[in-house]
Amino acid sequence: DAGVIQSPRHEVTEMGQEVTLRCKPISGHDYLFWYRQTMMRGLELLIYFNNNVPIDDSGMPEDRFSAKMPNASFSTLKIQPSEPRDSAVYFCASSPYLYEQYFGPGTRLTVT
Amino acid sequence: AQRVTQPEKLLSVFKGAPVELKCNYSYSGSPELFWYVQYSRQRLQLLLRHISRESIKGFTADLNKGETSFHLKKPFAQEEDSAMYYCALSRGGTYKYIFGTGTRLKVLA
């Protein structure tokens, strides 16, 4: 099992460009989470889904951020337009139940 | 507001010395507390959870509701324990985790 898969692993883009981060959860996990990690704020929950439905998006910082989960095996996090302050590591995690989350390797985003 | 505080960004100890990684939380209800660990070049993974009252890799953590703390302890540190440790809180059985900012543990030979 490859675990949670994220792509790309690294993304460098210019301010104003659209960025799309991708995640494939572990098969059979009903919950999917998107996190952002920065030095200043640590690991922050952006949004999570249950059975492909967004349950809580209160952590999404601005309207520039959007997330979708069109099916049980795929999710995207989109930033449009991107800004330098969006530079961070973005993690996707999936979970079969409350007491453990399985994290992906993360996508390091740099916006210049 | 709910909050998880890890006061130390970096903790350095010598091999064989006791380790205590501090975690304090702010939450009025019944929290579920966890410790996650990220070893170098590996993914963030669950180390232990308070509900299980388990010891993993020699680490234990006790939930102290009076002091609102969930400190991670190990009596004798090993070099392989060097990693980034995150304390996390789940509010009242929800999936909305709140993570602390993490403590980097360095175990010196």
Side-chain angles (χ1 to χ4, degrees), chain A residues 1-7 9-10 23-26 29-61 67 69 75 88-108, chain B residues 1-10 21-27 29-54 56 61 63 70 83-105:
Chain A
D1 184 3
V4 175
I5 299 172
Q6 290 187 247
S7 64
R9 294 293 307 277
H10 301 273
C23 175
K24 176 178 169 54
I26 294 172
H29 286 193
D30 294 334
Y31 292 85
L32 183 138
F33 308 80
W34 282 102
Y35 290 89
R36 180 174 66 177
Q37 183 183 47
T38 60
M39 288 291 290
M40 290 300 296
R41 300 174 68 91
L43 203 60
E44 300 174 282
L45 177 64
L46 301 177
I47 184 172
Y48 78 90
F49 296 81
N50 177 214
N51 291 325
N52 314 336
V53 176
I55 301 302
D56 190 323
D57 65 355
S58 59
M60 296 285 264
M69 191 165 186
S75 177
V89 180
Y90 291 82
F91 288 99
C92 176
S94 68
S95 177
Y97 68 124
L98 175 61
Y99 296 118
E100 183 165 5
Q101 296 191 11
Y102 294 77
F103 283 79
T107 295
R108 183 173 298 275
Chain B
Q2 295 83 21
R3 185 181 298 123
V4 174
T5 303
Q6 294 180 251
E8 302 142 328
K9 286 191 180 297
L10 173 65
L21 299 169
K22 291 183 168 53
C23 172
N24 290 91
Y25 65 90
S26 172
Y27 179 59
S30 295
E32 303 289 349
L33 275 299
F34 307 83
W35 277 98
Y36 277 76
V37 61
Q38 187 171 27
Y39 300 101
S40 179
R41 303 183 194 283
Q42 295 188 28
R43 303 180 182 203
L44 192 62
Q45 58 188 287
L46 177 68
L47 179 62
L48 55 79
R49 49 203 177 207
H50 93 270
I51 194 171
S52 300
R53 294 186 168 273
E54 57 203 343
I56 302 294
L63 177 60
F70 188 56
M84 194 75 180
Y85 291 81
Y86 294 91
C87 182
L89 174 154
S90 166
R91 303 184 304 172
T94 73
Y95 284 78
K96 194 166 183 177
Y97 277 42
I98 299 171
F99 280 81
T101 51
T103 298
R104 181 169 297 283
L105 174 64

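Order of the sequence lines sets the chain letters (A, B, ...), proteins ahead of strands, with each chain counted from 1.
The heavy-atom pair separating A/Ala2 from B/Arg43 by the smallest distance is O-NH2, 3.5 Å. Contact record, A/Met39 with B/Lys9: O-NZ, 4.5 Å, taken as the closest heavy-atom pair.
Ranked by non-hydrogen atom pairs under 4.5 Å with chain B, the options A/Ile55, A/Val4, A/Asn50 are led by A/Val4.
Contact annotation for A/Thr38: neither backbone nor side-chain heavy atoms come within less than 4.5 Å of a heavy atom of chain B. With a threshold of 4.5 angstrom between heavy atoms, B/Phe34 approaches chain A through side-chain atoms but not through N, CA, C or O.
For the ring pair (Phe, Tyr, Trp, His ring centres under 6.0 Å) test, residues two or more places apart in sequence or in another chain that qualify with A/Tyr31 are B/Tyr95. A search for ring pair (Phe, Tyr, Trp, His ring centres under 6.0 Å) contacts involving A/Phe103 returns A/Tyr35, B/Tyr36, not counting sequence neighbours.
The CD atom of A/Gln101 sits 5.5 Å away from the CZ atom of B/Phe99 when rounded to the nearest 0.5 Å. To the nearest 0.5 Å, atoms CG (A/Leu43) and OG1 (B/Thr101) are separated by 10.5 Å.
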